[in-house]
There are 2 protein chains.
Amino acid sequence: MNNKGYVSPETSERIQNIINDLNYKPLHSARKLATRKTGNIGYIIWESHFSEVEMFYSQIFLGMEYAARESDYYILLTTVKDDFDPKTDLPRFLKYNDVDGVVLAGRVPHSLVEYLDKQRMPFVLVDYGIPGKIYNSVLIDNYNGAFSAVESLIQSGRKRIAFVGGTFSHPSIKERFRGYKEGLESYNLISDGHLKKYTYLEDAETSREIGEKGVSILLTEKLLPDAIFCCNDTTALGALTEIQRKKLKIPQDIAVVGFDDIPTAAFNLPKLSTVRVPKLLLGKEAFKLLNDVIDNPRLPAQTRLISTEFIKRESS
Amino acid sequence: MNNKGYVSPETSERIQNIINDLNYKPLHSARKLATRKTGNIGYIIWESHFSEVEMFYSQIFLGMEYAARESDYYILLTTVKDDFDPKTDLPRFLKYNDVDGVVLAGRVPHSLVEYLDKQRMPFVLVDYGIPGKIYNSVLIDNYNGAFSAVESLIQSGRKRIAFVGGTFSHPSIKERFRGYKEGLESYNLISDGHLKKYTYLEDAETSREIGEKGVSILLTEKLLPDAIFCCNDTTALGALTEIQRKKLKIPQDIAVVGFDDIPTAAFNLPKLSTVRVPKLLLGKEAFKLLNDVIDNPRLPAQTRLISTEFIKRESS
DNA sequence: CTGAAAGCGCTTACAG
DNA sequence: CTGAAAGCGCTTACAG
């Protein structure tokens, strides 16, 4: 049954028939007890992320779940509090050793990551990294995504492209900013003081509010920006709202581009141009990488980069 | 350790100390093998529901997960295809008997429910029911929620209150419609032909599009409605968009009220008045009811009704 | 109240 | 290649 050892074809077939006739299913708990494996994988996200408007992290989960259907793993999804403390807030499946490995998606407490590392629990980070540390991770190609978004704006004639963003300490956001900046540079569209005038950065969690606030500040410039590249769709949606409130036309007066391609992007009025992040694929790759790590724990840490696609809609 | 049988206080304390000293954690797979329980609960939703813009069903999941933390259950989340067939598409945890019970949220394939019933697998339905069948379920008090929403509109002076809705075959939507209708009746605001003129019903899955379409049809009436009660927030957001597109003022010309209180409702422009459904509580109650059923499988099927709260915002 | 035996249903050496 | 034994770490009667 487990395709191990030497069995003659005849015996194999005989047994398979009996299995089918009896509709026999091995009992997982017995198998797990014998193999000392749990057959589970943990999926941990920050509580605020799961309660968010967007389905970003749920989609990553779904990608993992799809991949897990082919192997024999179950995914245990749990959230972790903002003020996580490994001493008291450890997810149950970690406390009771009920998982063979863990996927952490998005911003997660560093103390958790360190705990897993110390326990030698196999894990992979998705869409997050910790500065100065190299862990197994699946990342979005934020730099090229941002670069291509800015490039599209430039090619449609925009000259003064602004940037609005939150959680600037998040590595993904930093990379998007870098793509934005180098995109402008490579087209010589970044004069002295450009970044000072046309950039609104905050370190608070990204939100519509940040988009609204960012735009309202950018619109106090004498020379208004003619395009705004936002660090993600949520922020971009806030930006759109504020631009509309100020009676400016989108995209004629100001174009807006987001990042992520959350479902709302396509339903909004106007429809939001954005950089699509393949969320299901992120989940699938995370699952595959984690499996590789579980099978071979001494593998050196690796990073897999998932590329993005620019989606042009009404807002640009 | 399991608080069973007779143990002298001295022995109990001695053992507890040893447990603490050794940081002993029972191995779940061994326990499960011995007790013949899986320690897992399945959570099944329709694939389209999970990919939706709204977090409705994810929040119900989260409520269950919170409740599960106190007992020793893990929740296994999976989706089921639109054209589900029990012969080929059974979720793995059902196929391999890896759950002690199942929660099904929202609209689910009837063939799945029948399968579970036949297998005598304990299950509870959340926010769904099958006409003519009585199953264990946790339902939203849709009738009173709708009634109170309509009542609030009437009290703010609205006379011609319309209804826009999709998935009319869904029992929850039917109940919301009934609350709407009887609300109007009890204030004598429902003349002959009112429902014919001011009602737009479709049986397609609820969506922004249905809201937009419904409004565009309602606005062809000679006497425009002065309020629209939508079957849920998603539909209401579409309605808002279409009203704005027609250059009518919200709420001055037309008030709009939704149902559910999805996160977007509070962020939209204008902010959407709605009937709040306590999603976490739904999940928690579903978990509790399922536990009762697992402990006592011969319990007659029961329905637990969760009440709602009207939230007045800018759109009414 | 306490302690030891049997059994849950698998997998993994091991003897043949 | 095949078959039987031992063991995974619990729980549940059962003897005392």
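Convention: sequence-line order gives letters A, B, ...; per-chain numbering from 1.
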- Within this structure, what is the CD1-to-P distance between A/Ile15 and C/dC10, rounded to whole angstrom? 14 Å

- Counting distance only, does the side-chain N/O of A/Asp100 pair as donor-acceptor with the main-chain N or O of A/Ile41 below 3.5 Å? no

- Query: C/dG7, C/dC1, D/dC1: which one has an atom nearest the side-chain heavy atoms of B/Ser8?
  - Reply: C/dC1

- For B/Leu33, answer base if it contacts any base atom (sugar-phosphate contacts may also be present), sugar-phosphate if it contacts only those atoms, and nothing otherwise; contact means non-hydrogen atoms under 4.0 Å. base

- Message: Can you measure B/Tyr6 atom OH to D/dA15 atom P for me and round it to whole angstrom units?
- Response: 17 Å

- Taking any strand in view, what nucleotide pairs with D/dA13 in a Watson-Crick or G-U wobble way, both distances under 3.5 Å? none

- Tell me what A/Thr11 touches on the nucleic acid: a base, only sugar-phosphate, or nothing, going by heavy atoms under 4.0 Å. sugar-phosphate

- Message: Does D/dG7 have OP1 or OP2 under 4.0 Å away from a side-chain N or O of A/Arg36?
- Response: no

- Return the nucleotide paired to D/dA4: Watson-Crick means purine N1 to pyrimidine N3 with N6-O4 or O6-N4, wobble means G-U with N1-O2 and O6-N3, both under 3.5 Å. none

- Message: Has A/Ser137 got a side-chain atom pairing as donor or acceptor with A/Leu139's backbone, closer than 3.5 angstrom?
- Response: no

- Query: Salt bridge or not for A/Asp292 and A/Arg304, using N-O below 4.0 Å?
  - Reply: yes

- To the nearest angstrom, the CD-C1' distance between B/Glu10 and C/dT2 comes to 13 Å

- Message: I need the CG-P distance between A/Leu27 and C/dG7, as an integer number of Å.
- Response: 18 Å

- Message: Is A/Arg31 close enough to C/dT11 that one of its side-chain N or O atoms is under 4.0 Å from OP1 or OP2 there?
- Response: yes

- Query: Atom CD1 of B/Ile19 to atom P of D/dC10: distance rounded to whole Å?
  - Reply: 11 Å

- Candidate nucleotides C/dT11, D/dT11, D/dT2, ranked by approach to the side chain of B/Thr35 - the nearest: D/dT11

- Task: Using only side-chain N and O atoms of A/Tyr24, determine if any of them is under 4.0 Å from OP1 or OP2 of C/dC10.
- Result: yes

- Query: Between B/Glu114 and B/Lys118, is the closest basic N to carboxylate O distance under 4.0 Å?
  - Reply: no

- pair A/Leu112-A/Trp46: side-chain heavy atoms closer than 4.5 Å: no

- Tell me which of B/Ala34 and B/Val7 sits closer to the 5' end of DNA chain C, going by the nucleotide each one is nearest to. B/Val7

- What is the distance, rounded to the nearest whole Å, between atom CG of B/Asp98 and atom P of C/dC10? 12 Å

- Task: Let me know the distance between CG of A/Asn97 and C1' of D/dG9, rounded to the nearest Å.
- Result: 14 Å

- Atom CG of A/Asp72 and atom P of C/dC10: how far apart are they, to the nearest Å? 14 Å

